[in-house]
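Encoded as structure tokens, the structure appears first; notes follow it.
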Number of protein chains: 2
Amino acid sequence: MHVTPRQKEILDYLGRHIEKKGYAPTIEEIGEHFGLSSLATVHKHLTNLQEKGLIKREWNRSRALELVPSQVKVKAVELPLMGRVAAGTPIEAVQSTETIFVPEDMLGRRETYVLQVKGDSMIEEQIRDGDYVIVEDRKQARDGEMVIALLDRENVTLKKYFRESGGRVRLQPANSRMKPIYVEQGDLRIQGVVIGVLRKY
Amino acid sequence: MHVTPRQKEILDYLGRHIEKKGYAPTIEEIGEHFGLSSLATVHKHLTNLQEKGLIKREWNRSRALELVPSQVKVKAVELPLMGRVAAGTPIEAVQSTETIFVPEDMLGRRETYVLQVKGDSMIEEQIRDGDYVIVEDRKQARDGEMVIALLDRENVTLKKYFRESGGRVRLQPANSRMKPIYVEQGDLRIQGVVIGVLRKY
DNA sequence: TGACTTTCGCCTAATCTTCGCCTACCCTTC
DNA sequence: GAAGGGTAGGCGAAGATTAGGCGAAAGTCA
């Protein structure tokens, strides 16, 4: 992407202005800052910058101009930390205001949120106490997937999901010291499926 | 999203008012605050803000107005995937062009990069084959930290770092079937320290 | 009914687009 | 090395649209 020196100056100015004031400058203000007396000049510069994909503009709108984030930095999304979930026992459905940043390419196709794992019940799946699991909001799961399961409308746990014969479901902890839970399909509501793990040291 | 100076003033005022009082101002209160005598003016401003997606309103409800949280999409950084590292044996210092997105708040203070883990040598630290470890480029490590270690200028491995008496260092795999390696401090070069783990299902 | 919100019409000021015309470089070609 | 051709960078002014305002009247909600 070749920008000319002049174009880079303008780009930098736009960035600083937006950063400081919270809104973009007018074409006249830009011209004034660079000592240009003709609006047409500034307008042409902006058009060039737009064609190079460095800024976006809305047609004929006042100050409707924003910088296109350079490609290197890509978006991550701030997901709500919905609570802590243990595998053995219930949950702390903490309605916290905490959030976790997750890279955009780790998101699922639907609503996605984050839970912090409590306890070592999934230790054999290499998920340890304190890890964050990224959960996709889904009501259906396939065999072997890790699910956030709601039992008897009260207990929420993190388990691996397996269908058994006779319409029953086995919820399997990944810890050989813990026993699986068997439930009727009707008594189980799947809240979501784990699609990623994130750990900070 | 592009706001004009006036719109930003109003937006800021709304934020402060809601923050302080706990509820939004009426249209008349807004007008009064800005010295506007016509409700229509304020109403038009609110409509504009709404069209720009900065506030939400319920139709014809008193004080039914709230700020749309500015999409706090925060940056994630695209880090180079420098290669794959096994714990037991050497490395594949692949000079690949792959990259991984990592949330900005998981970065270290220095240069940071990503390695994909090969093998189960760190399984007891809940790092499994295929996981990505986020590595901060550092030459020093503290006891117990996981390091990328370069031995005899050739073999790179992922191990836990412990200083022993006599100027020696113990590099400990997290797998009871593997033995630790003991090296002289001079023969060891630390390439980086693991500061995070990322897994995708 | 009282407290607010919406709408309608009408203005002015602030801003954005376009058009025509120029000069100075930079790259390519003869 | 000189001559084109193309593009960046500029100037002014005319024409158009949006932003920002005013009052009054009508419509809603609790």
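So that the names make sense, note that chain A is the first sequence line, chain B the second, and so on, each numbered from 1.
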| request: In plain terms, say whether A:Glu125 and A:Lys160 are close enough for a salt bridge, that is, a side-chain N and a carboxylate O under 4.0 Å apart. | output: yes
| note | Whole-Å distance, A:Ile10 CD1 to D:dA8 C1', equals 11 Å
| query | For residues 5-27 of chain B, which residue pairs qualify under salt bridge (Lys or Arg N to Asp or Glu O under 4.0 Å), counting only residues two or more places apart or in two chains? | reply | B:Arg6-B:Glu9, B:Lys8-B:Asp12
| said: Protein within reach of the bases, or only the backbone? For nucleotides 9-24 of chain C, mark each nucleotide 5' to 3' as B, S or -, using heavy atoms under 4.0 Å. | reply: ------SSBBB-----
| field | Rounded interatomic separation in angstrom, taking CD from B:Glu9 and P from D:dA19 | value | 16 Å
| field | Separation of D:dA19 P from A:Tyr23 OH (nearest whole Å) | value | 16 Å
| remark: The ring-ring contact (aromatic ring centres under 6.0 Å, His included) partners of B:Tyr182 (sequence neighbours excluded) come to none
Enumerate donor-acceptor pairs with a distance under 3.5 Å from any side-chain N or O in residues 38-46 of chain A to protein atoms, sequence neighbours excluded.
| unit_1 | atom_1 | unit_2 | atom_2 | d |
| --- | --- | --- | --- | --- |
| A:Ser38 | OG | A:Ala40 | N | 3.1 |

| Contacts of B:Thr47 that satisfy side-chain hydrogen bond (donor to acceptor under 3.5 Å, both in side chains) - sequence neighbours left out | B:Arg57
| remark: Residue set satisfying side-chain hydrogen bond (donor to acceptor under 3.5 Å, both in side chains) with B:Asp131, at least two apart, ordered chain then number -> B:Arg199
| request: Take atom CD1 of B:Ile30 and atom C1' of C:dA3, then tell me their distance rounded to the nearest Å. | output: 15 Å
| message | So, does B:Ser37 get its side chain near the phosphate of D:dG23, meaning an N or O under 4.0 Å from OP1 or OP2? | response | yes
| task | Check whether any side-chain N or O of A:His45 sits under 4.0 Å from OP1 or OP2 of D:dG9, and answer yes or no. | result | yes
| query | Listed by chain and number, what are the side-chain hydrogen bond (donor to acceptor under 3.5 Å, both in side chains) partners of B:Glu32, not counting sequence neighbours? | reply | none
| When the distance from CG of B:Leu36 to C1' of C:dT5 is rounded to whole Å, what number comes out? | 16 Å
| query | For the helix from C:dT1-D:dA30 to C:dC30-D:dG1, what is the angle between the axes at its two ends, each from 5 pairs, rounded to 10°? | reply | 60°
| query | Want to settle it: does A:Gly35 or A:Asn48 sit nearer the 5' end of DNA chain D, counting the closest nucleotide to each? | reply | A:Asn48
| field | Interatomic spacing from CZ in B:Arg163 to CZ in B:Arg168 - rounded to 0.5 Å | value | 15.0 Å
| field | Qualifying residues under side-chain hydrogen bond (donor to acceptor under 3.5 Å, both in side chains), relative to A:Glu28, sequence neighbours excluded | value | none
| query | Starting at CZ of B:Phe34 and ending at P of D:dA19, how long is that distance when rounded to a whole Å? | reply | 17 Å
